[in-house]
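When a ligand or atom number is given, it counts from 1 through the structure's own listing order. The shown structure was predicted, so the numbers you read here are calculated from the model rather than taken from an experiment.
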Amino acid sequence: MSKHTVVPLNEADPIEARVANLLAKMTLAEKVGQMRQLNASEGYPPDYLAPFIQAGAVGSVLNQADVDIINELQRIAIEDSRLGIPLLVGRDVIHGFKTIFPIPLGQAATWNPELVGEGARIAAREAAAAGINWTFAPMIDVSRDPRWGRIAESFGEDVFLTAVLAVAMVEGLQGDDLTSPDSIAACAKHFAGYGAVESGRDYATTNIPENELRNVYLPPFRAAVRAGVATLMTSFSDIDGVPGTANAFLLRQILRDEWGFAGLVVSDWDSIRQLHIHGLTENDWDSAFEAVTAGVDMEMAGDIYGNHLAALVESGRIAVGMIDAAVANVLRTKFQLGLFEDPYVDPAVQPAAGSEHAVGMAKTMATQSVVLLKNDNAALPFAADGLRSLAVIGPLADAPYEQLGTWIFDGDVGLSVTPLAAIRELVGDTVDVRYLRAMENSRSRETAAFDEAVEVARSCDATILFLGEESILSGEAHSRANIDLPGDQAKLVQRIRKVGKPVVAVILAGRPLTLANILDHVDALLFGWHPGAMAGPAIADLLFGHESPSGKLPVSLPRVVGQVPIYYSQKNSGKPASADNIVHIDDIDAFAPQTSVGMSSFHLDAGYTPLFEFGYGLSYGRFEYANIRTSAHHICIGDTVTISAELTNAGEVAADEIAQLYVRDLVGSVTRPVKQLAGFQRLRVEPGQTVTVEFRLHTDELAFHGRDQRLATEPGEFHAWIGGSSATELRTEFRIVASS
Ligand code: NOJ
């Protein structure tokens, strides 16, 4: 997947000599200091931190983004501490620094790794100019539960898409050269399985069997490690009885021994202390022991390491060699970043907030992230010359902060252009735009303004509703049990529908929502996630046909929350559902209990399919796939097979399509998913044009962890599909035979 290979610890690397040399000079207290990361946010100014830094009692700080303060902290570390070791300066730069891009889930909807990489590059450049040298991104937890507020920060439900975008983001943040002044260290998080928290409730337990862990949750991390990610963060969650921060199986056996990771592992915020709260340890002393022996090199924002590590060594409970190895991982990262050569940044050299390039990329990414879910009777795009008046209604039409989404500590809200502003700008005097917010916010149950909304809609040729969730409804510790549109938004849609004029809804949200109760009441439906600063211009261009929608769902949209988790790459089960073998609850009396109809895996009240499947997304073009072919019907282990199909744009406008390749391994030593994404391409296709889409698949790309947990490709029969979503039925077959 990546052009990079794992770079195991190389003793001949000059950095290793420098690490060893420095380690040899350090006292135990100084070593422990390197394993501590302190909060440097507003309440913890330089004069509070100075004594710690001077004493060599801190290796890193987080949550400071003021260039002068950061330079001062580095100065204290370099000039006033005995060994002059620079600081790692961490910050959550999740989807942009000053210039805010779509939330990661929206970025995933672009299916465009180059764009995701370039967005990360811009974020790195802006953050590095403030003195930040380490970000806690990308979050690459495979996320199949839309109730979980942190799904916003993820790349969605799929293993392959998450892995590809993980690599793109790591490469974008770190650049070609980590020492470059515009590169920052990335951090793949949260290791591992955090996306599987029970019922989507943040921080809850996860239950992930080892085979599922290896085949679903770990591959994106492995890809990030192969791409050279500098650091990893542990997960808050408890996995198979051992929280991520104490999990030696993950942190030592898999990460270090199997994958050869030589970078730095940081705990999540205070998660070492939490080992006691989990009920794994009796006290902080034991928590320090568990974390350090499991392989956590640095403690984020806690004092467990500071209080106990030295005593653990002095008492003989752990060997100093264990501390040395952890400190080496910290120092190695600092050398790799070039901090010993120059830890400072020039405050005079600041990229202009919202440079033309940054804003342009934010707009392109937002444009490509929006998914067109429904477009009956070509309701969209609006023809500007056929429209005299347009009603723009809803709590998210003109909400500059909310469109940015979660995790935007340093985002410049002044750069936000809202949909209302952009629509007005785009149509100028040609269309009379009448705006009504109608609801204080998305959660409101106050319907007093609905009558006026109906009047505004009646007075116009068409209505666009901007609905969804404000940024505060997703993100860390912001899970929901009900994922309908909050408040009385659905009622508003139903009232506007009764006006009898065209209705378009644009959903801005940090998670998939259940939209069945509005779907029939709108002519067209766009899902825009939280698109970032340039939400407005991107959406306006799509509404008026300056661009065609090209986003595809990175996550299934359920019909009702009770279907969750629902994802396309499910296992078949022994009784898979099919359209002719399910029963609806309203018809249940007609089926006698003895009939075999309905004895399959489905819900009486929701069936077995999502409302919209993974990979789905409409276009103003009309894409048709045909003639799937395979270059060979039999291939040997070690060979490559080419799967191709013809893609025609039978529509009237040029548009981008994301062609997707899915595979199924029919029989395995462990059961395999019914479909798995194995490739994708974003292609521009002109009206009337037919292109051949070709995917090359090496048998290694079909490997999985089998019953013995080893990674291998198992010979046998495979199905392969190409199409515009995971529901594609255009299929071919091939067989892998063991090499002779
Ligand atoms: C806790 C979050 O889980 C983690 O993702 C984040 O990077 C840290 N806090 C630092 O803010």
Review point. Testing R256, K31, R332, R252 for salt bridge (Lys or Arg N to Asp or Glu O under 4.0 Å) with D297, which one passes?
Key: R256
Enumerate the atoms of ligand 1 whose separation from the nearest heavy atom of [X] is less than 4.0 angstrom.
X	result
M300	8 (C), 10 (C)
D268	1 (C), 2 (C), 3 (O), 4 (C), 8 (C), 9 (N)
F136	7 (O)
M233	4 (C), 7 (O)

Using a plain distance cutoff, I'd like to know if [X] has any nitrogen or oxygen under 3.5 Å from a nitrogen or oxygen of ligand 1.
X	value
Y194	no
E153	no
K189	yes
D92	yes
H190	yes

Study note, to complete from the structure: Shortest non-hydrogen pair, A40 vs V61, comes out as CB-CB, 3.7 Å
Review point. Which of these passes side-chain contact (heavy atoms from CB on, under 4.5 Å) with E469: N441, L396, I507, L513?
Key: L513
Check your understanding: Which one of N207, D238, T206 satisfies the side-chain contact (heavy atoms from CB on, under 4.5 Å) criterion with E198?
Key -> N207
**Study point:** Salt-bridge present (E157, R144; N to O < 4.0 Å)
**Key:** no
**Study point:** Heavy atoms of other groups near D257 CG, more than 12 under 6.0 Å
**Key:** yes
Exercise for review: Ignoring hydrogens and angles, state whether a donor on the side chain of D268 or T234 is under 3.5 Å from an acceptor on the partner side chain.
Suggested key: no
**Study point:** Mode of Q37 contact toward ligand 1 - side chain, backbone, both, neither (heavy atoms, under 4.0 Å)
**Key:** neither
